[in-house]
Asker: 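Below is a structure I'd like to ask you about.
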Amino acid sequence: MSLRLYNTLTRQKEEFVPIDASNVRMYVCGPTVYDFAHIGNARPVIVFDVLYRLLRHIYGEGHVKYVRNITDVDDKINERALRDFPELPLNDAIARVTAKTADQFQADVKALGCLEPTVQPRATDNIVGMIEMISTLITKGHAYVAAGEVLFGVDSMKDYGQLSNRKLKDQKAGARVAVDAHKKNPADFVLWKLSSADEPGWESPWGRGRPGWHIECSAMSKRYLGEVFDIHGGGLDLIFPHHENEIAQSRCVHGTDVMANVWMHNGFLQVEGQKMSKSLGNFTTIADVLKDWSGEVARFNMLRTHYRQPIDWTVASLEESKNILLDWRDRIGDVMTPRPDAEVVAALSDDLNTHGAITRMHILAKNGSVVALLGSLELLGIGLATLPREQNVLVKKQVEELIEARNQARNAKDWKRADEIREEIASKYYVYLSDLKDPATGVIKTTWEMRR
RNA sequence: GGCCUCGUGGCGGAGUGGUUACGCAGAGGAUUGCAAAUCCUUGCAUCCCAGUUCGAUUCUGGGCGAGGCCUCCA
């Protein structure tokens with residue numbers, strides 16, 4: 001069976017052929033840790049986690065290397081540090097911001113059912129590698145020093161723009177590129193910039209400074225995955241300029257034709273039909289979502305839409321996702337040896353068609369193929385463990401006492417009293433009841449479940 | 001201005017050159033003290049115009065429309 005992936009570089013689905021099937025290598029751009037991750041940030045994390053799981057399924061668990069970086073040097077981090085911890089020295093304040101944000105991120109994505117990547121390098125641990133790369137770029141004539149910055153000269157690369165299919169002269173037509181007198185070409189971008197005494201900085205041949213955004217990923221992917229690797233992923237918005245510039249840096253340093261063979265980009269997310277923004281007040285963090293919904297529901301909800309499509313994140317769809325999972329859980333019961341369904345694997349192998357996989361899983365559920373259904377859920381990284389099931393002992397005892405009281409009232413045909421108790425249970429414990437008649441004996445049994 | 005996606009039922013959302021999945025919601029029924037849940041049945045769609053074809057929702061071209069990127073951004 002073959003794996004086919006849509007490659008942004010060629011704008012088409014292609015058969016995936018790893019460079020080394022015993023060491024499949026993937027790099028995904030991770031968070032810049034200046035603020036809590038929002039639900040849009042969760043999308044690539046979940047999508048590429050599914051791909052990671054699929055690759056492990058196909059090539060073997062020990063034969064896939066997944067690197068997701070943490071960007072912990074950035075001017076936005078500095079701003080946030082000054083705002084939140086004005087009393088601390090800047091470096092300490094920065095450490096606070098990045099530690100707090102990175103910890104929250106790890107907790108968030110774990111709750112969303114994501115496996116830990118093989119390596120999660122931090123930019124600040126890789127400054128030396130970046131400086132080496134920048135030196136090489138200068139030596140090879142791809143970069144120059146001007147006005148306290150080291151800049152990559154895009155004119156030094158004949159096919160700059162291959163990923164975004166962008167011609168440099170087209171962009172000038174938009175007249176939106178800031179004109180900086182010190183740049184040879186307005187599209188030239190920063191590799192290194194000098195820091196003032198109160199900004200974070202590292203010693204370098206060009207003075208004490210800090211790296212530009214793009215060079216981090218070039219340095220970290222080289223260190224852990226080599227000069228050319230299999231898959232590079234991230235959000236759609238990273239195609240330009242971030243990935244374009246990563247490609248320029250890495251290829252020019254290494255003298256290679258490509259940086260990664262396959263470039264994959266997930267689509268954006270909207271909230272209730274609107275673009276997510278702080279001004280609209282619909283800026284939803286992962287932690288906000290996890291307050292109201294289990295990680296499984298959130299993850300499943302994300303995977304119901306194909307990763308390249310825009311997704312509309314709504315309460316209605318979360319509700320639907322929850323209902324589907326609860327239904328499946330009830331059908332599954334206890335299965336000891338789950339195995340993924342072959343058609344589900346086939347759907348995922350077609351450019352990560354998670355929606356097709358879920359469609360197939362509906363059929364499995366209907367047919368009672370619980371072994372395949374549970375196995376498929378596991379392949380998608382969706383456990384059913386934290387969905388509401390048994391409640392704590394005290395609540396359980398109280399609810400069951402009330403149910404007993406209600407059933408006594410019902411036996412006495414005191415419907416008013418019975419309905420009052422049902423109301424009480426619903427409002428107090430947030431529980432709904434089902435009266436089910438046993439078809440064999442005709443005895444009515446009352447079951448209950450938490451509502452969420 | 002340039003680049004890139006996408007237009008399928010009330011909603012979400014697949015696939016296919018030849019009766020248009022699936023889910024939710026809706027309708028009807030079974031069941032129920034009434035509900036809920038469950039089960040069964042069921043109605044509803046391929047943006048427009050050309051072209052290719054015996055036949056297009058699917059392929060090609062044009063149009064109209066929506067969204068994204070071109071500046072930090074998943």
Side-chain angles (χ1 to χ4, degrees), chain A residues 6 8 11 28-32 34-35 37-48 68 71 74-76 79 161 163-178 186-187 189 213 233-244 265-270 273 275-278 286 301-302 304-312 314 316-317 319-324 326-327 330-331 347 350 353-363 365-366 409-416 418-419 422-423 426 431-437 439 442 444 446-449 451:
Chain A
Y6 182 87
T8 306
R11 313 278 170 195
V28 174
C29 291
T32 299
Y34 71 100
D35 200 356
H38 57 70
I39 190 63
N41 293 310
R43 193 168 189 195
V45 177
I46 292 173
V47 163
F48 290 105
R68 185 179 65 212
T71 296
D74 182 274
D75 287 351
K76 268 181 299 202
E79 283 168 27
L163 181 69
S164 55
N165 194 16
R166 206 161 283 212
K167 293 167 191 69
L168 292 170
K169 58 176 183 292
D170 293 337
Q171 292 191 67
K172 289 181 196 164
R176 298 193 64 175
V177 179
F189 56 91
W213 176 35
L236 198 67
D237 54 325
L238 295 181
I239 295 174
F240 190 90
H242 183 54
H243 288 166
E244 197 68 80
H265 296 93
N266 61 274
F268 264 36
L269 176 146
Q270 295 191 310
K275 184 169 175 165
M276 183 161 54
S277 75
K278 283 180 178 167
I286 299 175
N301 195 243
M302 197 72 88
R304 284 172 61 207
T305 302
H306 184 86
Y307 76 94
R308 283 190 283 121
Q309 293 288 116
I311 184 172
D312 191 13
T314 65
S317 68
E319 196 69 49
E320 199 176 314
S321 296
K322 181 198 72 178
N323 288 337
I324 294 168
L326 287 175
D327 177 47
D330 290 345
R331 290 170 189 269
D350 178 16
N353 185 357
T354 50
H355 194 279
I358 288 166
T359 298
R360 169 67 182 161
M361 287 155 73
H362 278 293
I363 295 170
K366 244 183 190 145
R410 293 174 71 223
N411 289 336
K413 295 203 189 299
D414 184 353
W415 310 124
K416 186 164 173 288
D419 290 349
R422 181 164 64 197
E423 271 304 301
V431 159
Y432 67 84
L433 304 181
S434 299
D435 299 326
L436 295 171
K437 190 190 246 178
I444 289 178
T446 302
T447 60
W448 61 280
E449 193 145 24
R451 193 180 269 151

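Within every chain, numbering begins at 1; the chains are lettered A, B, ... in the order of the sequence lines, protein sequences first and strands thereafter.
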Asker: I'd like a list of close polar pairs between nucleotides 72-74 of chain B and the protein, N/O only, cut-off under 3.5 Å.
Answerer:
unit_1	atom_1	unit_2	atom_2	d
B:C72	O2'	A:Lys76	NZ	2.3
B:A74	O5'	A:Asn41	OD1	3.0
B:A74	O4'	A:Asn41	OD1	3.3
B:A74	O2'	A:Gly235	N	2.5
B:A74	N1	A:Leu269	N	3.0
B:A74	N3	A:Gly40	O	3.1

Asker: Using the C1' atoms only, state how far B:A74 lies from B:G26, rounded to an integer number of Å.
Answerer: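 It works out to 37 Å between them.
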Asker: If you only use heavy atoms from C-beta on, which nucleotide in B:G13, B:G23, B:G33 is closest to the side chain of A:Ile324?
Answerer: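 Out of B:G13, B:G23, B:G33, the nucleotide with an atom closest to A:Ile324's side chain is B:G23.
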Asker: Distance between the C1' atoms of B:G23 and B:G62, in whole angstroms?
Answerer: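 Looking at atom C1' only, B:G23 and B:G62 are 36 Å apart.
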Asker: Could you summarise the pairing of RNA chain B as dot-bracket text, marking Watson-Crick and G-U pairs under 3.5 Å with ( ) or [ ] inside the strand and | across strands?
Answerer: (((((((..(((.....[...))).(((((.......)))))....(((((..]....))))))))))))....
Asker: In whole Å, I'd like the distance from the NE2 atom of A:His243 to the P atom of B:U71.
Answerer: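 Rounded to whole Å, this separation is 16 Å.
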Asker: Output all residues satisfying side chain to side chain contact (heavy atoms under 4.5 Å, CB included) with A:Asp350, sequence neighbours left out; order by chain, then residue number.
Answerer: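 For A:Asp350, the residues satisfying side chain to side chain contact (heavy atoms under 4.5 Å, CB included) (neighbours in sequence not counted) are A:Lys13.
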Asker: For the pair made of CZ in A:Arg11 and C1' in B:C3, what is the distance, rounded to whole Å?
Answerer: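 So the two atoms are 8 Å apart, to the nearest Å.
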Asker: For a quick test of reading the model, state the closest non-hydrogen atom pair linking A:Ala42 to A:Ile286 and the distance between them.
Answerer: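 Closest approach of A:Ala42 to A:Ile286, heavy atoms only: CB-CD1, 3.7 Å.
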Asker: Take A:Ser317 and A:Lys416, find for each the nucleotide of RNA chain B with the closest heavy atom, and name the residue whose nucleotide sits nearer the 5' end.
Answerer: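 Closest to the 5' end, via its nearest nucleotide, is A:Ser317.
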Asker: Is the base of B:A36 touched by the side chain of A:Arg422 through a donor-acceptor pair closer than 3.5 angstrom?
Answerer: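 Counting by modelled atom types and ignoring angles, no donor-acceptor contact under 3.5 Å is found here.
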Asker: Check the distance between B:G15's P and A:Arg360's CZ and give it to me in whole angstrom.
Answerer: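 A:Arg360 atom CZ is separated from B:G15 atom P by 16 Å.
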Asker: Nearest whole angstrom, please: distance from the C1' of B:C34 to the CG of A:Leu433.
Answerer: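 Interatomic distance, CG of A:Leu433 to C1' of B:C34: 13 Å.
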Asker: B:A45 and B:U20: how far apart are their C1' atoms, nearest whole angstrom?
Answerer: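 Going atom to atom, C1' in each nucleotide, I get 9 Å.
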Asker: Name the residue closer to the 5' end of RNA chain B, choosing between A:Lys413 and A:Asp350 according to the nucleotide with the nearest heavy atom.
Answerer: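 Whichever sits nearer the 5' end wins; that is A:Asp350.
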Asker: Can you check the A:Ile363 CD1 to B:G15 P distance for me, whole Å?
Answerer: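 The answer, rounded to whole Å, is 14 Å.
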Asker: Roughly how many Å apart are B:U58 and B:A25, using the C1' atom of each and rounding to a whole number?
Answerer: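 It comes out at 28 Å once rounded to the nearest Å.
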Asker: Under a 3.5 Å threshold, yes or no: a donor from one side chain and an acceptor from the other, between A:Ser321 and A:Arg304?
Answerer: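 Yes, A:Arg304 and A:Ser321 have a side-chain donor paired with an acceptor closer than 3.5 Å.
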Asker: Base of B:A37, side chain of A:Asp435 - is there a donor-acceptor contact under 3.5 Å?
Answerer: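 Answer no: no donor N or O sits under 3.5 Å from an acceptor.
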Asker: Are any of the side-chain heavy atoms of A:Asp237 and A:Phe268 separated by less than 4.5 Å?
Answerer: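 Side-chain contact under 4.5 Å: yes.
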Asker: Figure out the NE2/P separation between A:His265 and B:G68, and round it to whole Å.
Answerer: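 So the NE2-P distance, A:His265 to B:G68, works out to 18 Å.
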Asker: Give each protein N/O atom lying under 3.5 Å from an N/O atom of nucleotides 39-43 of chain B, with the pair distance.
Answerer:
unit_1	atom_1	unit_2	atom_2	d
B:C39	OP1	A:Arg331	NH2	3.1

Asker: Could you tell me the separation between the CZ atom of A:Phe189 and the P atom of B:U71, rounded to a whole number of Å?
Answerer: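 The answer, rounded to whole Å, is 13 Å.
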Asker: Kindly give the heavy-atom pair with the smallest separation between A:Ala418 and A:Ala409, and that separation in Å.
Answerer: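 Heavy atoms only, the tightest pair is N-CB, 4.0 Å.
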Asker: Quantified in whole Å, what is the C1' atom distance between nucleotide B:U46 and nucleotide B:C39?
Answerer: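 After rounding to an integer number of Å, I get 32 Å for this pair.
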Asker: Apply side chain to side chain contact (heavy atoms under 4.5 Å, CB included) to A:Asn41 and list each qualifying residue two or more places apart in sequence or on a separate chain.
Answerer: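 With sequence neighbours excluded, A:Asn41 shows a side chain to side chain contact (heavy atoms under 4.5 Å, CB included) to A:Ala37, A:His38, given in chain and number order.
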Asker: Could you measure the distance from the CH2 atom of A:Trp213 to the CG atom of A:Asp75? Nearest 0.5 Å is fine.
Answerer: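 Going from the CH2 atom of A:Trp213 to the CG atom of A:Asp75 covers 12.5 Å.
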Asker: If I pick the C1' atom on B:U52 and the same atom on B:U57, what distance separates them, to the nearest angstrom?
Answerer: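 16 Å, rounded to whole Å.
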Asker: Pick the P atom in B:U60 and in B:C72, then give their distance to the nearest Å.
Answerer: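 Here B:U60 and B:C72 have their P atoms 36 Å from each other.
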Asker: For A:Arg410, report the nucleic acid contact type (base, sugar-phosphate, nothing); a contact means any heavy atom under 4.0 Å.
Answerer: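 The answer is base, as A:Arg410 lies within the cut-off (heavy atoms under 4.0 Å) of a base atom.
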Asker: In whole angstrom, what separates A:Leu163's CG from B:G2's P?
Answerer: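 Taking CG of A:Leu163 and P of B:G2, I get 21 Å after rounding.
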Asker: In chain order, what residues pass the side chain to side chain contact (heavy atoms under 4.5 Å, CB included) check against A:Asp327, with sequence neighbours excluded?
Answerer: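 A:Asp327 satisfies side chain to side chain contact (heavy atoms under 4.5 Å, CB included) with A:Arg331 once adjacent residues are dropped.
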Asker: For the residue pair A:Gly356 and A:Ala347, what are the closest heavy atoms and their distance?
Answerer: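 Heavy-atom minimum between the residues: C-CB, 4.0 Å.
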Asker: Side chain of A:Gln309, heavy atoms from C-beta onward: which of B:C6, B:C24, B:A21 has the nearest atom to it?
Answerer: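 So the side chain of A:Gln309 is nearest to B:C6.
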Asker: Mind checking whether A:Asn353 and A:His355 have side chains closer than 4.5 Å, heavy atoms only?
Answerer: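 Answer yes - side chains close enough.
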Asker: Is a side-chain N or O of A:Arg43 found less than 3.5 angstrom from the main chain of A:Met302, in a donor-acceptor match?
Answerer: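 Flag not set: sc A:Arg43 to bb A:Met302 has no pair under 3.5 Å.
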Asker: Would you call A:Lys76 and A:Glu79 a salt bridge, taking side-chain N to carboxylate O under 4.0 Å as the test?
Answerer: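 Result for this pair is no, no salt bridge flagged.
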Asker: Measure from NZ or CZ of A:Arg308 to the centre of the six-membered ring of A:Tyr6 and say whether it is under 6.0 Å with the direction within 45° of the ring axis.
Answerer: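 Yes, a cation-pi geometry.
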Asker: What nucleotide, of B:A37, B:A21, B:A35, holds the atom closest to the side chain of A:His355?
Answerer: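 Within the option list, the nearest is B:A21.
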Asker: Using atom P of each nucleotide, how far apart are B:G18 and B:A36 to the nearest Å?
Answerer: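 One P to the other, the span is 42 Å.
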